[in-house]
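Report on one structure; see the data block that follows.
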Amino acid sequence: MVVETSKIDVVVVGSGPTGLMLATELALAGVEVVVLERLAEPSGQSKALNLQPRTAEVFDLRGLMEPTREYAHGTWGSGHFGGRPLSYEGWQTRHPYQVNIPQAGVERVLEDRLAELGARVRRGHELLDFTQNDAGVTAAVRTTAGESRIEARYLVGCDGGRSAVRKRLGVAFPGTDASQFAFVADVAFDALPAAVPTRLRSVSDAIAKEGNGKGGAGGLIPLGEPGLFRLIFNDPRAGQRDQAEPVSTAEVAAAVERLFGAGAVIAEIRWASRFTNVTRQVEHYRVGRVLLAGDAAHVHFPAGGQGLNLGVQDAMNLGWKLAAEVQGRAPAGLLDTYHSERHPVGARVLHNTRAQSMPVDPAPETVAMSQLITELAKLPEANRHLAGMVSGFDIRYEVDGPDHPLLGGRLPDLELPLGWASDLFHPGRGVLLSTDPRYLELARPWSDRVDATTLPELPDLTADAVLVRPDGYVCWVAPADGSPSDTTDNTKRLDGALRTWFGRPQDTAQVD
């Protein structure tokens with residue numbers, strides 16, 4: 001029996017990092033949003049363990065890094081590609097590292113921010129079904145009080161790899177089935193084998209390099225508490241296991257011995273889960289008024305710690321666009337750029353995680369390939385290429401305009417006379433930085449959506465002005481040292497960029 005009918009702008013299904021990030025972005029923009037979560041309480045499970053450098057920058061754009069540090073266990077000075085260390089130096093960032101933080105901590109930070117913005121997670125609310133038409137989406141929801149119905153403008157599935165939204169939407173989810181079977185476990189030890197490294201500079205140092213000669217790949221990652229480690233183990237010889245089958249103490253002990261030798265004494269297994277290298281991506285991130293983000297849109301082998309980060313950045317890309325659409329100020333086609341921009345990014349992550357999950361076996365061909373990749377990864381150019389890919393630093397969207405190193409890419413977090421550039425993005429609006437007041441004057445009709453700031457110079461940008469979207473990506477550049485005719489052309493392009501990404505000027509904008 002239906003006990004309640006409510007109306008809302010956007011329903012977000014799932015309260016993981018993707019769903020919470022999206023909800024905070026929408027609430028920041030003034031959109032009415034609710035988050036539906038099937039579980040009655042937060043799981044508190046560690047699950048994912050890191051923020052990649054670009055995600056740390058994204059959190060800085062919204063002022064989230066300070067509360068995040070309260071739940072972090074420190075930082076890793078480098079990343080890895082298939083166990084091979086990667087340096088983040090040279091990317092003009094304040095965060096040349098991974099932040100070591102359990103997923104539960106990320107969720108706590110985001111849910112606290114969501115509450116500050118006046119929205120909340122409705123726990124114990126399970127999506128049963130939904131229908132959509134040209135006007136909106138109607139969702140049927142099971143609650144502890146009975147069944148309720150929510151009428152919304154849009155619905156976004158952020159409900160994980162087994163997404164109920166994706167299944168009910170019926171979109172194609174092509175990819176490859178599992179061929180490798182592995183597990184993770186958070187394990188408290190009373191004693192560890194002598195071969196477990198005690199000084200770690202990066203995640204790659206935690207990975208067993210030789211597997212103790214007994215096969216298998218994985219490692220032990222410290223979790224910020226004495227004796228507590230995350231065990232990751234992938235046995236290429238293991239057959240298919242039921243994903244729901246519990247990971248036993250004996251299985252954990254055997255894995256540790258195979259990786260590091262004898263001597264482990266296990267006190268407790270706090271959490272464990274099985275995973276595979278199943279790799280899939282939906283063909284369309286948007287179907288009418290229903291969208292998908294995070295693991296609901298793509299699943300892959302958890303190589304290099306990219307999954308949580310990919311989902312959070314999906315949400316960052318989608319949030320401001322969906323808010324503009326709901327509020328009637330989005331230019332034509334803006335919401336569709338969510339798919340056109342993020343689908344290729346997701347496909348590239350699937351591609352590189354497939355490469356990193358190459359089976360580990362003693363065959364001469366496999367050993368030779370692994371050694372060759374290790375040699376190549378040490379070359380500075382190759383290391384930079386891989387680090388940019390895994391970190392998210394090298395993401396570049398297609399944006400109209402003359403070629404410029406900044407166009408379509410992230411704006412580096414520069415130290416400006418008025419503070420860090422990232423501080424300007426805390427309100428979730430576009431930002432125009434310029435040394436020429438003429439550009440700022442042209443942008444005045446968009447002052448309700450774009451914050452314009454004049455500066456004496458833009459250090460290290462080789463530009464006189466930049467227009468940056470709310471997600472931190474540059475969508476227009478006036479190159480430095482331009483001629484007067486260049487300024488005229490730049491002005492025309494700036495007007496076009498403002499209309500393309502932020503809609504009509506304020507005096508002509510109308511709410512649909």
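Treat the numbers as computed from the prediction; the structure is a model and nothing was measured.
- Arg38 meets the side-chain contact (heavy atoms from CB on, under 4.5 Å) test with Glu126; sequence neighbours excluded.
- Ala139 approaches Leu155 most closely through the heavy-atom pair CB-CD1, 4.1 Å.
- Take Thr279 and apply the side-chain hydrogen bond (donor to acceptor under 3.5 Å, both in side chains) test, not counting sequence neighbours, and it matches no residue.
- In this view, Asp9 and Val31, Glu32, Arg153, Val326 satisfy the side-chain contact (heavy atoms from CB on, under 4.5 Å) rule, not counting sequence neighbours.
- At least one donor-acceptor pair closer than 3.5 Å links the side chain of Arg274 to the backbone N or O of Pro246.
- With Asn277 contributing its side chain and Gln180 its backbone, the two residues share a donor-acceptor pair below 3.5 Å.
- Partner Val11 forms a side-chain contact (heavy atoms from CB on, under 4.5 Å) with one of Val156, Val141, Leu36 and no other, that one being Leu36.
- With respect to the salt-bridge test (charged N to carboxylate O, under 4.0 angstrom), the residues Arg286 and Glu325 do not qualify.
- Listed by first and then second residue, the side chain to side chain donor-acceptor pair (under 3.5 Å) pairs involving residues 373-386 are Arg84-Thr374 (not counting sequence neighbours).
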**Report entry** Evaluation steps, side-chain hydrogen bond (donor to acceptor under 3.5 Å, both in side chains), between Asn317 and Gln313
**Finding:** CA-CA 6 Å; Asn317 184 285; Gln313 292 179 48; over 6 Å; no
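- When the salt bridge (charged side-chain N to carboxylate O under 4.0 Å, His left out) test is applied to Glu283, no partner is found at least two apart in sequence or on another chain.
- Applying the ring pair (Phe, Tyr, Trp, His ring centres under 6.0 Å) test to pairs two or more places apart or on separate chains, none has a residue in residues 37-76.
- For residues 15-25, the set of pairs meeting the side chain to side chain donor-acceptor pair (under 3.5 Å) definition, not counting sequence neighbours, comprises Ser15-Glu37, Glu25-Arg62.
- Residues in residues 155-175 take part in these side chain to side chain donor-acceptor pair (under 3.5 Å) pairs, two or more places apart or across chains: Asp159-Ser163.
- Among residues at least two apart or in separate chains, there is no salt bridge (Lys or Arg N to Asp or Glu O under 4.0 Å) pair with a member in residues 294-306.
- Under the side-chain contact (heavy atoms from CB on, under 4.5 Å) criterion, Pro96 pairs with Tyr88, Glu89, Thr93, not counting sequence neighbours.
- The environment of Asp112 atom CG is dense: over 12 non-hydrogen atoms of other residues, nucleotides or ligands sit within 6.0 angstrom.
- Evaluation of the side-chain hydrogen bond (donor to acceptor under 3.5 Å, both in side chains) rule for His298 yields Asp314 as partners, not counting sequence neighbours.
- With sequence neighbours excluded, the residues forming a side-chain contact (heavy atoms from CB on, under 4.5 Å) with Gln103 are Pro17, Lys47, Ala48, Glu107, Leu308, listed by chain and number.
- To the nearest 0.5 Å, the span separating NE2 on His300 from NE2 on His351 amounts to 14.0 Å.
- A salt bridge does not link Arg410 to Asp471: none of the charged side-chain nitrogens sits closer than 4.0 Å to a carboxylate oxygen.
- Gln52 places no side-chain N or O within 3.5 Å of a backbone atom of Gln306 that could act as its donor or acceptor partner.
- With Asp413 contributing its side chain and Ser422 its backbone, the two residues share a donor-acceptor pair below 3.5 Å.
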